[in-house]
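First up is the structure itself, then whatever we jot down about it.
Atoms within each ligand, like the ligands themselves, are counted from 1 in listed order. These values consider heavy atoms only, across backbone and side chains, with no hydrogens, waters or symmetry-generated copies.
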Amino acid sequence: MAKTVEKQELTEVTEAQIAVHWKEEEYYQPSDKFIAQANMRDKQILEKFGLANFPDCFKAYADMLTWFEPYRMVLDTSDAPFWKWFVGGKINASYNCVDRHLTKYSNKAAFIFVPEPEGEGDVAITYQELHTRVNEVAALLRALGFKTGDRVTLHMPMVPELPITMLACARLGVIHSQVFGGFSGQACGSRIQDSGSRVLITMDGYWRNGTLIDHKVNADIAVRTAKELGQDVDKVLVWQRYPGTYSAKTPMVAGRDFFMNDLLKTHAGKKVEPVALPSEGPLFLMYSSGTTGKPKGAQHGIAGYLAYVTATSRWVLDIHPEDIYWCMADIGWITGHSYIVYGPLANAATSVLYEGVPTFPDAGRPWRIAERLGVNIFHTAPTAIRMLRKLGPQEPRKYKYRFKSMTTVGEPIEPEAWRWYYDEVGKREAVITDTWWLTETGGFLGTTVPAIHAMKPGSCGPGAPGIHPIIYDETGAEVPKGSGKAGNICIRNPWPGIMQTIWGDRDRYVKTYFAKYNRKPKSKDWRDWPFMCGDGAVQAADGYYRILGRIDDVINVAGHRLGTKEIESACLTVPEVAEAAVVPVQDDVKGRVPEVYIAVKPGVQPGQDIINRVIKANEEVIGKIARPKHVYIVPDMPKTRSGKIMRRVLAAISNRRDVGDVTTLANPDVVEQIRTMVQGKEVVATKEELPEDIAKFGQVE
Ligand code: WTA
């Protein structure tokens, strides 16, 4: 296809194919020792998962699960692009993650919970204990009237009660929707409303950076927000961080709020048969940011999702039941769902669950935990790697842990940070998988299979087995590998981990992920439905992909996706604000941080007080992660003649870059005023090219 693209056409689309200065990095090879013990050593694995063998190659994934009734069809495309995997089977995720391990691993720890306060002991939970606790919670949920298909919102911190509650839901076919614990009560409330949950499960408090935070207060705000949006919450179930003690100051509401520990007393020792659910039944919702302000609930199904995360945990993370695995992500994000809860447990892993902040009380904490518990697989995000490197570059040397493999996920990692991770954290022994994927995709899209492929800093590698990426330019022409050009990375084929739909919004699902490159909207052939990931990418001549970041209006802050519209509407809740525009700014530790520009209403005096309230509004509406680095009150927004705010210009100013030609704007003079306000009188702009995600920021309408 690429060959037919005329040179002429290419020059016309250069805007969308911003050249990427791509310095080739050297390869790193896995050690013989690692290869010898790896779960996946078949050098032909990518060929075996080639498109010629699609979709039957994925039977191998389904075979890793225990089925109550076998499936009849691998992939049903009749309702394209709403794919159905392993159709006709009956299965239960809770059974696969817990019950089936009892014969062999009942006394092995499923989780080792590490509280943030260092004086508090670790808590090991064996598979037997996990079974008991999941059953008791399932019995309680059933007694409360929950049925298959009901939704329940969870707003919980990193404690064992979170996976226990999720697995109890999964046992009954109740769809859980866990909202990241660091999100505000309001953000939780809007997700309660969207999912139609009548019950919220939360916890009274948890430790974060040395403070026992009152988390229950967020439940009250969430319930109020949901009600304002039209959704009643009948019950709030409150776990206690210290059972028997209430750790929050916020009062319990009589008749609405109940302590889980009290309710569970009447269910002690009860058993609940895992329900044999259809393969395509929904397992959970995970809300994520998109280009509009409305959160979108990625709906993941039982069998396809579970098969996918089980297989990738085994082959890519290389989890064996004997390993001690630690994924230092939050279960409130997709990484935690897939690679702390479902994938590792389905593989009978022993997994560390850490409550707190990696750098509390100092940057040696993760390495102390790793040494004490004998962690040998470590999984984290670039933002944590950068932070640990900044605060304690030599800390890993002080501890005697040994990792065999490590993962990075969530945002692009700079080769420099990668090398520190490899040299210092991995002590030049551990392999690194750089796993690129999204909430919507359930599991890995781009990654090396660690015993087979060499590593290359900054590149995720080829597509995961059975994942066939393709990069398109704006016109839908394939961008060839080795061309040095960037484009929109898409996946040609469906895979079992892909989301089923956006909860309650089929049209948005089709529009967001498929419409741009689908030419036959009625087609039932999967080949007509490449999945658009929303990332810019380049493919090197060796076939490895380098992900450049989001190309929609989503800002990836420390690996957390925040929609610009969400931030801007939070700013507009401050009554004096007339207009708001947010842009991503490069940050050494967090990757990107939001910076906000506001214009105030006529007659309003600009002042620090407004700025403070805009910051507070972001923390209240979204959460502390959305706290803008700066808020600038500008006389006017740079606008096109048709009145659109030129976020691209603001992004250039915030990132100390040249704003380019602004003469076509309706108000070009304001650009220099804003530039001086942000950068000072001197011209500080560098000519250095902006990263793709920022360069393209604000161009998607
Ligand atoms: C980014 C997180 C580069 C990407 C699993 C994607 C990455 C967004 C990587 C999804 C990686 C994730 N290299 N970029 N290894 N992993 N991303 O939904 O921009 O929270 O679109 O899922 O994170 O974020 P989400």
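Partner Tyr61 forms a side chain to side chain contact (heavy atoms under 4.5 Å, CB included) with one of Trp85, Phe49, Trp495 and no other, that one being Phe49.
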Between ligand 1 and the protein, which N/O pairs fall short of 3.5 Å?
unit_1: ligand 1; atom_1: 13 (N); unit_2: Glu411; atom_2: O; d: 3.4
unit_1: ligand 1; atom_1: 14 (N); unit_2: Pro412; atom_2: N; d: 3.4
unit_1: ligand 1; atom_1: 15 (N); unit_2: Asp434; atom_2: OD1; d: 2.7
unit_1: ligand 1; atom_1: 15 (N); unit_2: Thr435; atom_2: O; d: 2.8
unit_1: ligand 1; atom_1: 16 (N); unit_2: Gly410; atom_2: N; d: 3.0
unit_1: ligand 1; atom_1: 17 (N); unit_2: Gly410; atom_2: O; d: 3.2
unit_1: ligand 1; atom_1: 18 (O); unit_2: Thr439; atom_2: N; d: 2.8
unit_1: ligand 1; atom_1: 18 (O); unit_2: Thr439; atom_2: OG1; d: 2.5
unit_1: ligand 1; atom_1: 18 (O); unit_2: Arg561; atom_2: NH1; d: 2.7
unit_1: ligand 1; atom_1: 19 (O); unit_2: Asp535; atom_2: OD1; d: 2.6
unit_1: ligand 1; atom_1: 19 (O); unit_2: Asp535; atom_2: OD2; d: 3.4
unit_1: ligand 1; atom_1: 21 (O); unit_2: Asp535; atom_2: OD1; d: 3.1
unit_1: ligand 1; atom_1: 21 (O); unit_2: Asp535; atom_2: OD2; d: 2.6
unit_1: ligand 1; atom_1: 21 (O); unit_2: Arg550; atom_2: NH1; d: 2.8
unit_1: ligand 1; atom_1: 22 (O); unit_2: Thr439; atom_2: N; d: 3.4
unit_1: ligand 1; atom_1: 23 (O); unit_2: Gly410; atom_2: O; d: 3.1
unit_1: ligand 1; atom_1: 23 (O); unit_2: Asn556; atom_2: ND2; d: 3.2

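With sequence neighbours excluded, no residue satisfies side chain to side chain donor-acceptor pair (under 3.5 Å) with Tyr421. With sequence neighbours left out, the salt bridge (Lys or Arg N to Asp or Glu O under 4.0 Å) criterion links Arg656 to no other residue. Residues that satisfy the salt bridge (Lys or Arg N to Asp or Glu O under 4.0 Å) test with Glu566, not counting sequence neighbours, are Arg191.
Using cut-offs of 30° and 60° for the angle between ring planes, the Tyr27 and Tyr544 rings count as perpendicular.
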List the steps, then state whether side-chain contact (heavy atoms from CB on, under 4.5 Å) holds for Met158 with Tyr354. CA-CA 7 Å; Met158 278 291 284; Tyr354 174 52; 5.8 Å; no

